[in-house]
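Keep in mind it's a predicted model, so treat the numbers as computed, not measured. Just so it is clear: chains get the letters A, B, ... in the order the sequence lines come, proteins before strands, and each one is counted from 1.
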Amino acid sequence: MSEIALVLNNLEAYYGKIHALKGISLEVPQGKIVTLLGSNGAGKSTTLKTISGLVPAASGTVEFYGRNITKEKAHNIVALGLIHVPEGRRIFKDLTVRENLELGGFTLKDEKLRRKRVEHVFELFPRLRERQKQSGGTLSGGEQQMLAIGRAMMTEPKVLLLDEPSMGLAPLIVQEIMRIIQQLNSEGTTVLLVEQNAKVALKLAAYGYVLETGQIVMNGDSSRLRQDERIVKAYLGG
Amino acid sequence: MSLYYVILQQLINGLILGSFYSLVALGYSMVYGIIKLLNFAHGDLYMVGAFVGFGTLGLLGGILGVGWLGIAAALLISMLAVGLLGMLVHRAAYQPLLNRRAPRMSLMITAVGVSFTLFNTVMVMTNGEYETVNTSLGYSGISLGPVNVTYTQIVMVVATALLMLALHWFIKRTMYGKAMRAIALDPDACRLMGINVTKTIGLTFFVGSSLAAAAGVMAGVYYGSIQFFMGFIIGLKAFTAAVIGGIGSIPGAMLGGLILGLLETAGTQLPFIGSAWKDVFTFGILILLLVFKPTGILGKSEIERM
Amino acid sequence: MRSHLRIPERFSGTKGRIVSLAVIIILIILLPLVANNYVKEVITNAFFYMILALGLNIVIGYAGLVDLGYAAFFAVGAYTTGILTKAGLNFWLTIPIAVIFSLIAGVVIGGPTLRLRSDYLAIVTLGFGEITRITARNLKITGGASGLVGIRKPSLFGYPLTHSSDFYYLFFILVVLAAIVAFRLHNSRLGRAWQYIREDEDAAAAMGIDPVRTKLYAYMLGAVFGGVAGSFFAVKMTAVSPETFAFTQSAMILMAVILGGMGKLAGAILGAMVLVLFPEVFRTIGQSRQLVFGIVLIIIMIFRPQGLWPERRN
Amino acid sequence: MSKKSMRLAGGIALSLALILSGCGAQGGNTPAGTGGQQPSGGEIKIGLPLPITGSEATFGKDMQNAINLAVSQINAKGGVDGKKIVTVTEDDACDPQQATAAANKLVSEGVVAVVGGYCSGAVIPTLTIYNAKNIPFVITAANSSKIAKENPGNTFEINGTLEYEAQRAVELFKSLGVKNLAIVEQGDAFSADLARLAEADWKATGNPVVAHEVTNKGEQDFSSLVTTLRTKKPDMVFWTAYYADGGLLIKQLRQGGYKGPITVGDGSADPKLIQVAGPAGEGTYVLSPPVASYLPAAKQFVADYKAQYHQSPGDYSALAYDGMNLMAHALKQAGSTDGKAIIKALAETKDFPGIAGKINFTAEKTLKGSNIIVLQIKNGKFTAAQ
Amino acid sequence: MSILEVNKLTLRFGGLTAVNDLSFRLEEHAIMSLIGPNGAGKTSAFNCLTGFYKATVGEILFLGRSIAAEKPHRITKMGIARTFQNVRLFKDMTVLENVMSGMHTRSSAGILAAILRPPGQIAEEKRIRQVSRECLDFVGIEDKADRLARNLAYGDQRRVEWARALATQPKLLLLDEPAAGLNQDEKNQLVELIQKIRNTLGITVLLIEHDMGLVMKVSEKIVVIDYGEKIAEGTAEAVKNNPRVIEAYLGKEDES
C-alpha cells in the first residue's frame, strides 16, 4: 500500500502581480512519477516553486508526508528530503563539477558522507567523474542536466521535483535523461515531473495533471491522458 | 641614496601600503561578489575597527600591555565586534532591500546612508577628536644601507598575508566559502540546495567587515593616530584596488591592492608627476587599464548592467 | 472597453496635475514676498540641485548609466565662467563657451569608457571626477587650492543681479527650462532609445540603435546641464574652489536622483528638494544632523527602494 | 496621479512651512532690509558660523567652546550695557554652499554681529551677505590672503595673516643655516597658501626649494613621500598643514631615516602633534599662533576652559576667545547695536588686550603685526625656541 | 539571386569551435530553416550574421555586401532583423513603445529636434506610431498596444517581438526558435504568420527551430548543422531521409 508523499491543497500563489496559481490540489503517491503538464505560463513552474518555498503561498497548504510545510523556508524544506531541480538547470557555472555536487550536499553535516555521496553520483553519471575538475559552465546541455540531477541526489531525497529536464536538449539526450529519471524512480525516489514535452512525460509517469492558467483542468492515469483527444490536440501535436 | 636603494625602498613602501589596501579591498570585493553591492560603508567599518581596537587597547592595556600581546587581543576583539556590526548593517539596512529585489542603485545609496550614519556616530561620540594610539612598538628593524624596514612593518605585512591566506582557504575549502561563491552566481539555486542564503550573506559581511577592522586596527597601531573620517580615503582606494584586480574576485582584490600601492608610490617618485599629481596618475592608469581590459586584471568577462 | 475607461481617467489626471502644478508655481513665485533671505537662499540652493539632478537623471535615469563623478561637469562650467568673467568677458557670453567645454568633457569621459560594465563605469567616472578636482587644485589658471574668488555677479539688461530674490528667480527659470528640456528629451526618439538601451542593450542594438553613440549623447547632455548649472553657480557664489567638486558633491547629486526616483523628472526634483531641505530643517540639532540624515536615508530606501516618486506605470 | 501630485504639493508646502517657521520665529517679525535690529528683552544676539560637522568639526567645536566661555564670563559681569549676549551657532561644514545658507540663516535670525569663521573657502562667499545688513564679522581663524581682497568693509581678521607667518618661517630657516628647503602641503586653501608664500619668500633669499609636495587630507601613509624627499636631500622640511597628518609625517620622516630639522606651520601647533609624532617629534620647530597653553596671559583662560569642558583648549580657542571679547568691547564702545557703529568701533580698536596679544588693525582690517611665535618640542613639550 | 551568402564561416571562443566552416546560400523570398541538435552552433551562427559575434574566419554577404565586420545596429539598418531565442522585450515599456523601437533606423530626429519640437519632428513621431500600430495589427495584437510588455502572456510577447522586427522594415528576417514555448494552436498560427510575412511583405525568412514538425511544414530549404558543421542541406523530404541527419538529430525518437 502506498503512502502519499506530497499533497497540495487548494494552493494559491501570486507571481509578482499575476495570480499564478488559483487553487491547485494534487497528490503524489510515494514511489511514483507524477507529471504536471501545461502550456507555457500555465503555472507549472510556479507550482514547483511554491512547493519548494521559493514563492510564498497566498493560501492553501503543502503537506510533505503529512507535515505541513507551506510556511517553511526553502532551505529548511531541503533538509526534510524534498529537492527541487529548477528549470534551466541552474548549475553554478563558475564552480567545478565536484563543487557543484558538494553544494548539493550542503545540508549534510558529515564531510565523509558527502564525499561518499559524490562518489555515488559519479557511479550514476560516469561522465561527470571525467569532468569533475571542469567548471560547470563548460559542460554540454545534457551533461549540465545530469549535474543538476546528480546535485539533487546528494541528499538522497525522498521526493524530487523536476522542472523541464528536457528543455533545450536534442531528442537523443532527452531519452537518456528520461532513462535516468526512471532509474532513480525505480530505486525509490518519488518524482513530480513538470514537462513541456508531454509525449515523453506521459510515457514516463504513472499519473498526470494538466494545468491551464493556474488551475488543474484534467487529471488521470497517463495511459488515459495519452488517449484523450484534447490532450492529443493541444500538447502532443495532432 | 643610489637609484637602486630608492627603487628598493619605494617597492617596500608600495608593498606595505598595498597590503593595507588589499585587506580593505578584499571585504569590498567579497560583498560585491555576493550581492553586487558597492558598499560605500566599508571604509567606515575600517574606521570603526580602528576605534574599537583603540578602545580595547585602552581597556586591556593595563593587563596585557600595549605590546604585541595587547595589540593581538585588540585585533581579535575588534574583528569580532566589527564583524558583528557588519552583520547588523546587512540585516538592518541591506537585507530588507534585497528581499524586495530593490534596484542596485538604491542599495548603493543605502550604503552611502550607512556610511553617513557610522561616520557621524563616531564623530558625535568622539566629539570629532583625533585619538592617539600609544603602543610600545619601537622603530627598530632591519637596515640595508639606507633602506629601512621596521619589525612593526614586517609583522604587519606578515599578518596581512596570513589573513589573506586564511580567507583564501575559507573561500576555497570550506562549505560556507563554496556557498558564498555559489550565491554570487545564483542565490535561488542555492536555496534549493538547502543553503540559508541570508545567513550566508550575513557571514560574508562578517568576514569582510572583520578584515576591514583588522586593517583598521593595524593602521591605528602602525600610524598611531585615528580619527572619524579616516575611512573615507581608504574606502575610495579599496574600491579602486578591487576594480583594478577585477571586482568580485578575491585574488583580484589582493593583486589590485598591491598594484595600487605600487602605482601610488611610483607616482610620488616619478619626475613630472610627484605627490601633487599622483592620484591623477593612478586614476589615469586605472582608466587606461579598464579601456584595454574592461573587466580588471582578474575579472570575469560578463555583460550586465545596473 | 479599457480605452473607454481610460480616457476620462487620464483627462482628470492631467487636469489635477495641471492644477497642482499651477498652485506650486504660484507659491514659488510669491514666496520671496514673504520669505527672508535664508529661506530664499535655501530654496535657490534646492533649485540649483534640481538642475543638477535633472542633468544627472538623463545619464542615470534615462540611459541607465552610472556616474559617480558628475561634479566634474559642474566644475567645468563653474571654472570656465569663473576664469572668463575674471578675464573680463560678459557672463552671458561665457555660457555658450561653458556648454562647449562641458560637451567636450562629456565626450572625453564617455568616449573611451562607454563599453564598460556598470561597476567599472562607476569607478572610471569617480576617477574622472577626482582627476578634474585635483587638476583644478594644481593648476594656476584655476586659482590653485584656494580657487577663484571675486567673480562678479552678472547683470541682465542693465539690471545688476545682486539680491537673493534675483538669483531665486533666475534659478527658478533655469529649473523650469531644464525640466522642459528634460521632459522633451525623455519623450522623443532619443529618449526612447535611451530607455531601450537601459532595458536591454542587445535588443536595442538589434533594433538598429547604436548603443555607444546613444549613450554618449546621454553623457553629453548630462554634461551640458551640469556645465550650465556650474556657470550660474560661479556667479551666484562669486567664488569657486576645488573642494566644492569633491566626490561628496557627486554623491549628493546622485542621491538626489535615486532618492527621488530614477528616470522620473518629478522624482529628480523631489529628491533634490528633500536633500537640500532636510539638513536645513534639522539645523537646530547641530552636529547630529548628518547622523539623522544618514539614518533617514536608510529608512527611506528600505521603505521606498524605487525612490520617493518612482517611474512606474501600470 | 492627481492624488500623488496633491501629495507632492502638500509636501512642498509642509517643508516650506517648516523652514519658514524654523527661522521665522525671530526673523519674521523683524523689518526686512534694516541693519542692526533692536533686540527685544535686553539680549544681544551674536552669530557663530563654524564647522560643526565634517572633517573640520574638531576645530569648530574648540572655537565654539571658547566663545561661549567668553560669553558666559561677559554675561556674569553684567553683559554689555546691561544686555546679555546670546550666541547662535550655525554649521558651515567648511563648505561654501552650506556656509552661505548658514550666513543667511544667521542674518534672518537677527544677529547683531558675527564671530568665528574657520575655513577661508567657506568664509569668503559669506562676507557680502553680512555686509549687506551692516553686520560686523570678526574672523578668528581663517586667514587666507584672499579674505582681505574680498573684504567689503565689515570684516576684521584677528589671526595673523599668512604673509607674516611665511616671513617668520623664512627668518627661522635662515637663522638655522638652511639652504635646501622642502615644503609639504595638503592641497587645501590654507596650507597651499602658506606653502606658496613661503616658497616665494625663500626663493627671494636666493636659496632653492628642492621639493614642493602635496598630500591628501586623511591619507595616512607618507612613506613613499618620505623616500622621495630623501632623494632631494633637503636641510629642512616645512609642513604647512594640520597637526594630525603633520604628526604622522614627522613620525614617518624619522622612521624613514630623515635626520634633518623639521618645521610645522601654525595649523599643527597643537599638543596632539606631540602625541601623534611621539618621540620622533623631538626638536621639531613649531610656528604657532598664540596658543593659549603657552601664553602667560592665558593661564586663567586655560584653567577656566578645562574646568568647563574637561579638555584643553584647541588651536584656535584663544583667538576665538579674544574675538568674542573684542566684539563685546566694540559693542560697548559703539554704545548701540547699530552695525555701522560697531564696525566703526572695531576699526578704531587700539591695543585691545587679548590673551593672545594686543590687537590692532591695518588699513585692510587684518591684524597688524605678527602674533606668530616659534616653539620647539623638547622633552615631549612645546617650549619657546631660543 | 541570393540575398544572403555565407562562406566558410568559422567562430571560435578560446579553444571551443562554435561554428566550423559553415557555408550556405539563401535565395531572396525564400523561407529557410537552420536546424541541428542543441549546442550545434545555430544561435552562434545567427549572432555572427547579425553582428553580435565577430566571425573568426569567413565571409558573410548580404545583397552582395560584406557584413562580417559590421556592428549589429548597422546590420539592422541595412535590412536584417532578428528575434531572440528567449524573448527579449523592453519589459517595462508598453507594447507600442516596444514596436516603435523598430522604427528607430527609419526615422531621424536628433537632439535639437527633440528639444525644439519643430513640425517635422511632430510629423515623424506620428508616422512612427502609425507604422508601429500597423505592425501590431499585422501580427494580430493591435488591441494590446498600450499594455506593459511584461504583463502580456508569453505567446503575445513573442508576437510583440515579431512586430518589433517587422517595424525595422527588413528585407531579411531571422527568427531564433520562434516556436519555443508556444502551444500547438499558437504554432499553427506561427506557420501562417511566417508565410504571410513572406507572401504579403516579400520578406525573406531564415529560422532556427527545434520543432521538426513546424520546420518541415514551413521551410522550402533546410540546412542541418552539428558540432558547428553543415551535415546536410536540401528540402524537408531530402533532409528527413538523410542518414547522417537521422543519426545526429532524430535518433530513434519515433518509437512511440
Side-chain angles (χ1 to χ4, degrees), chain B residues 32 36 38 40 89 92-97 100-121 123-124 127-128 232 236 239-240 242-244 246-248 276-280 282-284 286-288 290-291 294-296 299 301-306, chain C residues 60-61 64-66 68 109 112-113 115-124 126-135 137-138 197-202 247-248 251-252 254-255 257-259 262 286-307 310:
Chain B
Y32 177 83
K36 304 281 178 285
L38 296 176
F40 280 111
V89 165
Y94 301 145
Q95 192 60 42
L97 276 98
R100 291 163 149 241
R101 292 173 196 262
R104 288 174 51 201
M105 288 275 208
S106 307
L107 211 55
M108 200 165 95
I109 295 302
T110 311
V112 175
V114 172
S115 167
F116 259 70
T117 308
L118 290 176
F119 170 103
N120 284 292
T121 304
M123 188 198 82
V124 171
N127 213 14
F232 180 71
L236 286 190
F239 179 20
T240 312
V243 170
I244 289 179
I247 193 157
W277 293 97
K278 78 168 196 297
D279 286 350
V280 171
T282 311
F283 280 119
L286 169 80
I287 291 165
L288 280 181
L290 288 181
V291 167
T295 53
S301 48
E302 53 173 301
I303 299 154
E304 51 103 33
R305 280 165 300 143
M306 242 179 183
Chain C
I60 290 191
L65 299 162
V66 193
L68 295 184
I109 295 179
T113 57
R115 286 175 190 83
L116 294 178
R117 216 175 85 176
S118 62
D119 312 299
Y120 295 93
L121 202 54
I123 187 75
V124 167
L126 192 155
F128 268 118
E130 284 296 282
I131 288 175
T132 309
R133 181 182 67 83
I134 297 168
T135 305
R137 187 187 80 185
N138 287 346
I197 285 184
R198 189 185 70 195
E199 296 232 345
D200 188 331
E201 191 168 328
D202 284 345
F247 170 65
T248 30
M252 275 285 276
L254 180 72
M255 272 195 271
V257 175
I258 305 205
L259 201 64
M262 251 192 292
Q287 63 170 348
S288 308
R289 69 187 173 122
Q290 296 292 341
L291 170 59
V292 175
F293 180 53
I295 294 169
V296 169
L297 197 60
I298 298 170
I299 293 171
I300 292 178
M301 282 290 114
I302 288 174
F303 290 101
R304 299 299 300 252
Q306 311 279 346

If one checks every heavy atom of B/Y94 against chain C at 4.5 Å, the contacting part turns out to be neither
For C/T135, is it the side chain, the backbone, both or neither that has a heavy atom under 4.5 Å from a heavy atom of chain B? both
Which answer fits C/I60, side chain, backbone, both or neither, if we ask what part of it has an atom under 4.5 Å from a heavy atom of chain B? side chain
Check whether B/L97 gets within reach of chain C through its side chain, its backbone, both or neither, counting any heavy atom under 4.5 Å. side chain
Rounded to the nearest 0.5 Å, how far does CE of B/M108 lie from CG of C/L254? 5.0 Å
Got a second to check how far C/R304's CZ is from B/S106's OG, nearest 0.5 Å? 11.0 Å
Tell me, out of B/Q95, B/R101, B/R100, B/M123, who's got the most heavy-atom pairs with chain C below 4.5 Å. B/R100
Where on B/A92 is there a heavy atom nearer than 4.5 Å to chain C: the side chain, the backbone, both, or neither? backbone
Hey, are the side chains of B/P103 and C/Q306 touching, using non-hydrogen atoms and a 4.5 Å cut-off? yes
Please classify the contact between B/F40 and chain C as side chain, backbone, both or neither, with a heavy-atom cut-off of under 4.5 Å. side chain
Sequence neighbours excluded, the answer for salt bridge (charged side-chain N to carboxylate O under 4.0 Å, His left out) partners of C/R133 is C/E130, C/E243
In Å, rounded to the nearest 0.5 Å, how long is the span from CD1 of C/I134 to NZ of B/K278? 8.0 Å
Mind checking side chain to side chain donor-acceptor pair (under 3.5 Å) for B/S115 and listing every partner two or more places apart, or none if nothing turns up? B/D44
Roughly how far, to the nearest 0.5 Å, is the CG atom of C/L126 from the CD1 atom of B/I287? 9.5 Å
Determine the option with the most heavy-atom pairs under 4.5 angstrom with chain B, choosing from C/V124, C/V257, C/I131, C/N138. C/N138
What heavy-atom pair brings C/M255 and B/V112 nearest, and what distance separates the two atoms? CE-CG1, 3.7 Å
Least distance between heavy atoms, B/F283 atom then C/G127 atom: CD2-CA, 3.4 Å
How close do B/A102 and C/P305 get, counting heavy atoms only, and between which atoms? CB-CB, 3.2 Å
Are any of the side-chain heavy atoms of B/M105 and C/V66 separated by less than 4.5 Å? yes
Whether C/F293 and B/F116 hold their rings parallel, tilted or perpendicular, with breakpoints at 30° and 60°: perpendicular
Counting only non-hydrogen atoms closer than 4.5 Å, does B/I109 touch chain C with its backbone (N, CA, C, O), its side chain (CB onward), both, or neither? both
Got a donor-acceptor contact below 3.5 angstrom from the B/N120 side chain to the C/G294 backbone? no
State, to 0.1 Å, how close C/I298 and B/A93 come at their nearest heavy-atom pair, and which atoms those are. CG2-CB, 3.8 Å
Value for CD1 (C/I295) from OG1 (B/T117), rounded to nearest 0.5 Å, stands at 5.0 Å
Sort C/I109 into side chain, backbone, both or neither according to what part of it lies under 4.5 angstrom from a heavy atom of chain B. neither
What is the minimum heavy-atom distance between B/G113 and C/L297, and which atoms define it? CA-CD2, 3.6 Å
